[in-house]
There are 2 protein chains.
Amino acid sequence: MNDVAAAAGVALKTVSRVVNNEPGVNASTAERVHAAIESLGYRRNDGARTLRRGRTASIGLVIEDVADPFYSGLSRAVEDIALAEGCLVFTGSSGEDPARERELVLAFCARRVDGLIIVPAGTDHDYLTPEVEAGIAAVFADRPPGAGPDADTVVCDNAGGARTGTEHLLAHGHRRIAFLADAPSIFTAAERLRGYREALAAAGLPYDEGLVAMGRPDQARVLADLRRLLRLADPPTALFTGNGQITVATLRALAGTAGPVPTRQAPPSAGPVAIVGFDDFEPADLLGITVIEQDPVGMGRAAAELLFRRLSGESGPPQRLELPTRLVVRGSGERRPLP
Amino acid sequence: MNDVAAAAGVALKTVSRVVNNEPGVNASTAERVHAAIESLGYRRNDGARTLRRGRTASIGLVIEDVADPFYSGLSRAVEDIALAEGCLVFTGSSGEDPARERELVLAFCARRVDGLIIVPAGTDHDYLTPEVEAGIAAVFADRPPGAGPDADTVVCDNAGGARTGTEHLLAHGHRRIAFLADAPSIFTAAERLRGYREALAAAGLPYDEGLVAMGRPDQARVLADLRRLLRLADPPTALFTGNGQITVATLRALAGTAGPVPTRQAPPSAGPVAIVGFDDFEPADLLGITVIEQDPVGMGRAAAELLFRRLSGESGPPQRLELPTRLVVRGSGERRPLP
DNA sequence: AGAGATGGTGACAACGTTGTCAAGATTCGG
DNA sequence: CCGAATCTTGACAACGTTGTCACCATCTCT
């Protein structure tokens, strides 16, 4: 900027005015400055600018994994809104590791992002309290934080969705419904378990712990649990799978792609096991899988809108939004138990 | 930092030394400074730091759409390597819009990112030349840039993969193979078309433009083109689909999920149309779709490694990496034409 | 013609760091 | 006990902007 000023024969401040389209610059002077900018290939240094002005016009987004379609949809929605607000986005994946989440968040805070959207991993978010007190706005998405600052939160109706899905299976005559999900330490999994139990209780059915399999969402764990379930003396006739990854892993296990499966079980398209999954996933329609659909894009949008409302000065107590879910009937959830 | 210095009764510079773990600070002084930092909840302002030091320890990543599984895998790989290098990542989706790409890239440059990884949209990247000359390292991924600076590029073997896929269908007796892909203005689509044509030529078959359908990857366009193809007097007995999105759209069209399809065509699992798709996608294994697999994570990693090698001072002419593809046989590509 | 308003411009400090250099205190070798 | 080496500390400028204030030249109005 100094160089531009020198080249145009004006003061630093005048260049600044031209660059920022501030009024009160003579047209011919502005012309000269523009020419100098052009010929020197000058580009304003936004780092210095934000240092001076206090706002960085950037936000941080910490999710579990960008590569997971659920979070990448959310991510895209956040990005779009941020761009419309003239804001850039730092993205980071925590991989469900609280330490990495903390590292990312603190790095974003050190960069003085204006706000944060966080899918919290782990249970302790006290480390955020001083940052929030220092004026960084935070919104939690998908899950509420553990111990930590009171902040806006957007979740979906996990329990309600799981209840609906379980009721759907019950309505089709199933009495032995297995529940496969993430580890119960994860909020969404715990809530979905709650919904599942509520539906059973409302139908007057007992809660059988032997039908519940929660843990890591990887193929091996799901395969092992599924094998155990299908070998029970009184095996389930239906499965409720607690998220997209687990639904796919379950289908893969049933199809035999992932290794040997009990012979009593044919592939899902022909077999008798009914399935309802939480989360819609890309070709669930092609596979004919009935799901409880939630809206990751809507969640990202809601979180970003909440954040930018706070950034533009809206005060008031922290809000908690709960987005609805929707049952999408496609066939896999409507099979009746074999007699 | 000033406040911390005052609270600890030391000079600014000493606090700086403590914060940065520089040697030559008395242990007891450091102790006092740490206490002051703790009690004031001080966090270093990395914006000011990077202004002073010249390096921002951040890179910009511009892809077509984070929500596309191909790019989200790439994105995650870039993020992981960047984090390991102590670098944060600005992510932006261009949505295949050259203007938006330009806007994002220039915003990143104004923030003085150290480097850029770009999946170029459009054909004109001259706007990048001054930035590259100003010292911002750039690596192109998935596609080479149009007109613009000479920079490192990582692509996959698009033509080779398409040739392999087409040859696979030819080897199973197909003579009428349709080619459905992205618009030919997109590099990858053009290259894959080239591979397809090479395979036909090598087999001594004519190139029939009527069997080629390129355009937007949305469901409606694919459905319309597919309908046209299957209504031909001499319809294709096999399809080669040019990317993940188009493969899924094609399957959806064939399955009838997306609207009416010609009755001569049953759903893919039962029907006679053989399919090979470029790009593996999440449950292609469940659907039994034979694909030409490429490795988005490997591509992201290669691009990031190339970038960080440049950032650590490696010079030399721009490199062009071509990653291999792999045929994954799953059933849909091995159906023989009906007699 | 003189007082006041207006438009254009610039000097300077400040944002929060870090690099450079110098100075005081301490230790060591002879 | 003296000079040199070492350790610890601090003053100050600089990074590239922008906000504040002041200045000068024109106008405008009485």
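Note on naming: letters A, B, ... go to the chains in the order of the sequence lines (proteins, then strands), and numbering restarts at 1 for each one.
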> What residues, two or more places apart in sequence or in another chain, satisfy side chain to side chain contact (heavy atoms under 4.5 Å, CB included) together with Pro296(B)?
Replying inline: Phe70(B)
>> Under the rule for salt bridge (charged side-chain N to carboxylate O under 4.0 Å, His left out), what residues qualify as partners of Glu64(A), not counting sequence neighbours?
In response: none
> Does any pair with a residue in residues 92-113 of chain B pass ring-ring contact (aromatic ring centres under 6.0 Å, His included), and if so which ones, sequence neighbours excluded?
Replying inline: Phe90(B)-Phe108(B)
Tabulate atom names and distances for all N/O pairs under 3.5 angstrom spanning the protein and nucleotides 13-18 of chain D.
| residue | atom | partner | partner atom | Å |
| --- | --- | --- | --- | --- |
| dA14(D) | N3 | Arg52(B) | NH1 | 3.2 |
| dT17(D) | OP1 | Tyr42(A) | OH | 2.8 |
| dT17(D) | OP1 | Asn45(A) | N | 3.0 |
| dT17(D) | O5' | Tyr42(A) | OH | 3.4 |
| dT18(D) | OP1 | Asn20(A) | OD1 | 3.2 |
| dT18(D) | OP1 | Asn20(A) | ND2 | 3.1 |
| dT18(D) | OP1 | Arg49(A) | NE | 2.9 |
| dT18(D) | OP2 | Ser16(A) | OG | 2.7 |
| dT18(D) | OP2 | Asn20(A) | ND2 | 3.0 |
| dT18(D) | O2 | Arg52(A) | NH1 | 2.1 |

>> Which residues pass the ring-ring contact (aromatic ring centres under 6.0 Å, His included) test with Tyr42(A), not counting sequence neighbours?
In response: none
> Would you say the side-chain atoms of Ser93(A) pair up with the backbone N or O of Val66(A), donor to acceptor, closer than 3.5 Å?
Replying inline: yes
>> Tell me every residue that passes side-chain hydrogen bond (donor to acceptor under 3.5 Å, both in side chains) with Arg216(A), counting only those two or more places apart in sequence or in another chain.
In response: Asp218(A)
>> Show me the pairs that pass salt bridge (charged side-chain N to carboxylate O under 4.0 Å, His left out) and involve residues 301-320 of chain B, at least two apart or across chains.
In response: Asp152(B)-Arg310(B)
> Tell me, which of residues 127-135 of chain A have any heavy atom that sits under 4.0 Å from an atom in DNA chain D?
Replying inline: none
> If you look only at pairs with a residue in residues 43-62 of chain B, which of them pass as a ring-ring contact (aromatic ring centres under 6.0 Å, His included), with sequence neighbours excluded?
Replying inline: none
> Can you check whether Thr29(B) has a side-chain N or O nearer than 4.0 Å to OP1 or OP2 of dT8(D)?
Replying inline: no
> For Glu101(B), what residues pass the side-chain hydrogen bond (donor to acceptor under 3.5 Å, both in side chains) criterion, not counting sequence neighbours?
Replying inline: His125(B), Tyr127(B)
>> Per the side chain to side chain donor-acceptor pair (under 3.5 Å) rule, what does the pair list look like for residues 81-92 of chain B, sequence neighbours excluded?
In response: Thr91(A)-Thr91(B)
> So how far off straight is the helix from dA1(C)-dT30(D) to dG30(C)-dC1(D), going by the axes through five pairs at either end, to 10°?
Replying inline: 40°
